[in-house]
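To start, the structure under review is shown below, and the notes come after it.
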Amino acid sequence: MQQTHTKQRAIRFRPAHALIDLSALRHNLRVVRRRAPQQRIMAVVKANAYGHGSLEVAQCLERAGVDALAVACLEEALSLREAGIQCPIVLLEGFFHPDELPLIAQQALHVVLHTPQQVDAVLNCYISQPLSVWLKLDTGMHRLGLSAEEFHRAWQHLQACPENVQQIRLMTHLACADERDNGFTQQQCQLFYQWVKPFNLECSIANSAGVLAWPISHADWVRPGIMLYGSSPFNDTLGAQEHLKPVMQLRSALISIKSYSAGEGLGYGATWRCPEDMPVGMVAMGYADGYPRHAPSGTPVAVNGQIVPLIGRVSMDMLAVDLRQQPQAQIGDVVELWGGTVPVDTVARQAQTIAYELLSQVTQRVPRYVVDEEG
Ligand SMILES: *Cc1c(COP(=O)(O)O)cnc(C)c1O
């Protein structure tokens with residue numbers, strides 16, 4: 001087990017931590033490859049690799065042979081380059097200011113262009129080597145992307161500017177791919193293919209939901225994010241049902257066990273009252289670690305591998321569990337908040353959010369330890 005944040009203190013006292021299982025990450029990448037065997041893979045590692053630790057995740061994916069990594073901004077890309085990541089890195093939102101362009105060129109980053117202003121900045125900049133650009137087309141998501149007209153104009157100018165542009169690829173993003181029977185995905189794909197066909201350029205449409213549910217979206221490159229981390233992009237399945245394995249196990253330990261009498265209230269607001277005399281365990285994990293404060297009583301927590309219900313309000317540093325089904329539990333026993341026993345998707349649904357949010361919001365206070373069974 002190796003500590004991922006070398007700047008952090010080597011000895012840890014508080015038991016809250018996250019295990020990051022790289023063999024599960026490689027397994028999930030194989031699932032991507034099985035689903036999209038002809039496609040190139042741009043593995044999405046934005047937001048600290050969805051909270052898992054971008055460097056370890058990027059190194060593992062690079063070694064496993066992904067064709068590119070994708071991040072949200074230059075800062076994220078630079079920290080990967082500084083750590084020695086050499087494979088292509090795509091800036092999914094491009095640059096926020098033209099001043100970034102010399103660095104983007106120097107670091108050989110791929111840049112997404114989604115506004116005419118970004119296109120003009122690329123045409124007019126002075127850079128040391130030409131850029132690989134991805135033109136992002138808006139096929140109906142209406143978040144980022146060029147219109148058909150803007151795209152045609154951009155393509156004309158960019159392909160006539162070899163001193164600044166060496167390769168042009170095309171992408172779009174799906175708005176509703178996580179809804180298996182929403183015909184909008186098909187419409188977006190058809191519109192995209194209609195637009196791009198005359199250009200014969202490499203194309204990308206699919207996020208995780210596209211990889212898993214929409215073969216029409218596979219195109220030349222796929223862009224999986226959440227499925228690499230083992231979580232399902234759909235709200236009607238868990239990661240395991242998609243043959244994925246959780247990469248993060250969020251763990252802590254019992255730090256107190258007390259018995260209370262029938263009718264006594266627990267924690268802030270005394271929102272939970274003991275229905276009978278019963279043992280209650282306190283776990284060192286709270287919303288300041290990224291555990292969702294809105295997880296209600298009844299949300300599953302695993303103590304020694306057995307599911308028990310969360311009870312009462314989640315505090316900043318602690319939460320309570322009902323130990324009636326675990327009368328032998330002791331202080332120090334291992335608690336899993338999510339991972340292989342409690343799917344993060346289940347906790348997310350209980351807290352009325354999505355796994356993307358829970359995973360990416362695990363805070364700095366929680367040390368990540370990398371485990372890698374296959375070495
Ligand atoms: C985040 C992101 C992805 C990955 O999406 P998942 O649903 O996590 O697979 C793909 N493409 C773009 C443009 C993104 O921003």
Side-chain angles (χ1 to χ4, degrees), residues 25 28-29 31-33 35-36 39-52 54 57-58 61 66-74 76-77 88-96 109-115 118 133-146 169-180 182 185 188-189 192 202-215 217-239 242-244 246-248 344-345 348 353-361:
L25 180 65
N28 298 334
L29 179 63
V31 175
V32 175
R33 290 207 165 106
R35 290 304 187 103
Q39 281 67 25
R40 296 211 213 176
I41 298 174
M42 181 193 302
V44 182
V45 298
K46 64 194 178 194
N48 196 28
Y50 292 45
H52 291 67
S54 58
V57 166
L61 291 169
V66 298
D67 301 283
L69 299 167
V71 297
C73 56
L74 182 54
E76 291 180 346
I89 303 177
V90 181
L91 301 173
L92 288 172
E93 285 143 57
F95 50 90
F96 302 88
L109 305 173
H110 290 206
V111 62
V112 170
L113 307 178
H114 58 82
T115 64
Q118 285 179 324
V133 306
W134 289 80
L135 292 180
K136 184 166 188 172
L137 315 186
D138 180 8
T139 52
M141 180 161 182
H142 298 337
R143 189 174 65 173
L144 296 181
L146 304 170
R169 297 184 179 91
L170 305 175
M171 67 187 280
T172 193
H173 198 47
L174 298 170
C176 305
D178 57 326
E179 298 167 26
R180 294 172 202 275
N182 191 327
T185 299
Q188 281 194 273
C189 292
F192 182 72
E202 286 177 27
C203 291
S204 175
I205 305 175
N207 54 6
S208 295
V211 170
L212 291 169
W214 301 94
S217 72
H218 289 180
D220 302 307
W221 288 74
V222 292
R223 308 192 305 271
I226 196 74
M227 71 180 289
L228 290 172
Y229 307 101
S231 169
S232 170
F234 309 108
N235 59 18
D236 60 352
T237 57
L238 299 171
E242 306 294 342
H243 310 289
L244 302 168
V247 176
M248 183 191 291
V344 65
D345 293 311
T353 180
I354 52 178
Y356 297 77
E357 185 180 42
L358 296 189
L359 294 170
S360 64
Q361 287 186 357

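Atoms within each ligand, like the ligands themselves, are counted from 1 in listed order.
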Please work out which of the three classes, parallel, tilted or perpendicular, describes the rings of Trp221 and Trp134, given edges at 30° and 60°. perpendicular
Looking only at protein heavy atoms, what sits closest to atom 7 (O) of ligand 1 is Tyr356 OH, 2.6 Å
Judged by heavy atoms only, the candidate from Met141, Lys46, Arg143 nearest atom 15 (O) of ligand 1 is Lys46
Within the 4.0 Å heavy-atom cut-off, what Leu92 brings close to ligand 1 is side chain
Backbone N/O of Ala177 and side chain of Trp214: donor-acceptor pair under 3.5 Å: yes
* ligand 1 N/O within reach of Lys136 N/O, cut-off under 3.5 Å -> no
Counting heavy atoms under 4.0 Å, the part of Met227 that contacts ligand 1 is neither
Atom 12 (C) of ligand 1: closest protein heavy atom, distance to 0.1 Å, is His173 CE1, 3.4 Å
Main-chain N/O of Gly140 paired to Asp138 side chain as donor or acceptor, under 3.5 Å:
yes
Subject >> Asp220 (side chain) donor-acceptor with Cys203 (main chain) under 3.5 angstrom >> reply: yes
When rounded to the nearest 0.5 Å, the distance separating CG of Leu244 from OH of Tyr229 is 13.0 Å
The atoms of ligand 1 lying under 4.0 Å from a heavy atom of Ile226, numbered in the order shown, are 6 (P), 8 (O), 9 (O)
Here the atoms of ligand 1 under 4.0 Å from any heavy atom belonging to Ser208 are 6 (P), 9 (O)
Ligand 1 atoms nearer than 4.0 angstrom to some heavy atom of Tyr50 are 1 (C), 4 (C), 5 (O), 6 (P), 8 (O)
For atom 11 (N) of ligand 1, the closest protein heavy atom turns out to be Arg223 NE, 2.9 Å
State, without any angle test, whether Arg223 and His173 hold a side-chain donor-acceptor pair at a distance under 3.5 Å.
-> yes
> Under the 3.5 angstrom rule, does the side chain of His114 hit a backbone N or O of Leu146 as a donor-acceptor pair?
Replying inline: no
